[in-house]
There are 2 protein chains.
Amino acid sequence: MTTQRKAPDAARRNEAARRSILTAALDLAGEVGYARLSIEAIAARAGAGKQTIYRWWPSKGAVLFDALLMLAEGPTDEPADLPDTGDLEADLKTVLRATVAELNEPRYSEPMRALAIEILLDPALAADFAERLDEPMREIKRRRLRKAQRAGQIGPGVDLDVAVDLLWGPLKNRWLHREGPLTAEYADAVVETALDGLRPAAE
Amino acid sequence: MTTQRKAPDAARRNEAARRSILTAALDLAGEVGYARLSIEAIAARAGAGKQTIYRWWPSKGAVLFDALLMLAEGPTDEPADLPDTGDLEADLKTVLRATVAELNEPRYSEPMRALAIEILLDPALAADFAERLDEPMREIKRRRLRKAQRAGQIGPGVDLDVAVDLLWGPLKNRWLHREGPLTAEYADAVVETALDGLRPAAE
DNA sequence: ACTGTAATACGAGACGGTCCGTCTCGTCTA
DNA sequence: TAGACGAGACGGACCGTCTCGTATTACAGT
């Protein structure tokens, strides 16, 4: 008794169909938003049968996930490491400003928002996303902060996970909940306030 | 030509039906989660007709919103102001620990999560929520921080909106995205780190 | 290398199911 | 007597599964 009902043959997979499905998912997510995004519409737009989608992806969210991975695989791959010029504040501003720019780009932002919402609804997708993208990204951030901590630019008692939450969390919130405009100035203010703290500078 | 098709007569409203619908919504949200929460199920559970729901609420999210307001209207009403003992750090820890406790209470947390998700999908509900709950709450937080700033416990150059984001944002993120356990210790660490900043204490 | 055959992914869409939001009913109440 | 109420029928949108006939692929055996 196998748990798998069917194991589709990856060697026979139609690459053109895969690409047109992912592209259709991205386009539709950008055009109609998450609430009106349906697998039927994706299949119709892609000129694909619904079964082709269900054969290769377990859920709508998984399609979106792969679609965004395809979009991210641009010219160069692997973000590897965060910049380290020795100036922590400048480096963080560079990174967060880049994030702001990306989140203001509808081509990325709308499908990403759709994925974020789907993740809230689907624990299996959440686990997959956390393992394949979120946790690796967090480790990259943690690594940059750890170097800064060793260099004495971050206090020795600071929990680096809390530090990551403080730096990237506010941006994520503003973006997902559309709480306010996402600007480079806001990113800078977050970095400065997180680094210096709320208390006035000690004399 | 009126925009309103019908204006139901509030004076004739059945209070028992209203309460049983809101209670059913809360119970179902807690039992099956947002993904499986349907208006049909709420009506069935409440022993109400679907039309009764559609007559008084514009959307599923609006029902949840009212249900949570009903739940919050406990013994005493009006949270009014955040505590001010003069010790900003202690006061913030008190408040955030209370928030943590509330968010760990399934009776509040599950319907709240359902509402949070619905808000992401429904701009009209988002606007309503922001106006009636989120912005007033933010103003209360801002007011407490402003007092601290005047008392010299927060730097004069600090943007209080950014400060609110730094203090409450990480908690909200952990809760909504289930990124990690929501503990009093985490709340304390956020307060300490946000107040002191990431940089080592100046000598 | 060439070609025949079996396997299987593919596009298309039918199917029963759930839930949507609207619409009648007949009843009950203010 | 007007209007809210419980109940549920209705058409429509998608869901996820299934069954077609077609097209493509892997793997023979010569």
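By convention in this document, chain letters (A, B, ...) are assigned in the order of the sequence lines, proteins followed by strands, and residues within each chain are numbered from 1.
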Between B:F65 and B:K60, is there a cation-pi geometry (under 6.0 Å to ring centre, at most 45° from the normal)? no

Under 3.5 Å, is there a donor on one side chain and an acceptor on the other for A:Y186 and B:D159? no

Distance, rounded to the nearest Å, where A:I39 contributes CD1 and D:dA13 contributes P: 18 Å

Got a donor-acceptor contact below 3.5 angstrom from the B:S109 side chain to the B:E105 backbone? no

Please indicate whether A:R36 has more than 12 foreign heavy atoms, meaning atoms of other residues, nucleotides or ligands, lying under 6.0 Å from its CZ. no

Interatomic distance, A:T193 atom OG1 to A:L198 atom CG [nearest 0.5 angstrom]: 7.0 Å

Could you please name the option among C:dC23, C:dC10, D:dG6 that lies closest to any side-chain atom of B:Q51? C:dC23

Which residues, if any, of residues 14-31 of chain A bring a heavy atom under 4.0 Å of DNA chain C? A:N14, A:A17

Evaluate salt bridge (charged side-chain N to carboxylate O under 4.0 Å, His left out) for B:D128 paired with B:R132, printing each intermediate quantity in order. CA-CA 6 Å; B:D128 195 35; B:R132 289 169 59 194; 3.0 Å; yes

Pairs: protein N or O with nucleotides 15-18 of chain C N or O, under 3.5 Å:
none

Other residues, nucleotides, ligands: >12 heavy atoms within 6.0 Å of B:R13 CZ: yes

Return the nearest nucleotide to the side chain of B:W56; candidates are D:dC5, D:dC15, C:dC20. D:dC5

Out of curiosity, B:L115 CG to B:L69 CG, how far, rounded to the nearest 0.5 Å? 9.0 Å

Please encode protein proximity along nucleotides 21-26 of chain D as a string of B, S and -, counting only heavy-atom distances under 4.0 Å. ---BBS

Looking at B:R18 and B:D66, is there a salt bridge between them, counting it only when a charged N and a carboxylate O are closer than 4.0 Å? no

Less than 4.0 angstrom from a charged side-chain N to a carboxylate O is my criterion; do A:R113 and A:E118 meet it? no

Taking only the side-chain nitrogens and oxygens of B:T52, find out if one of them lies under 4.0 Å from OP1 or OP2 of D:dA4. no

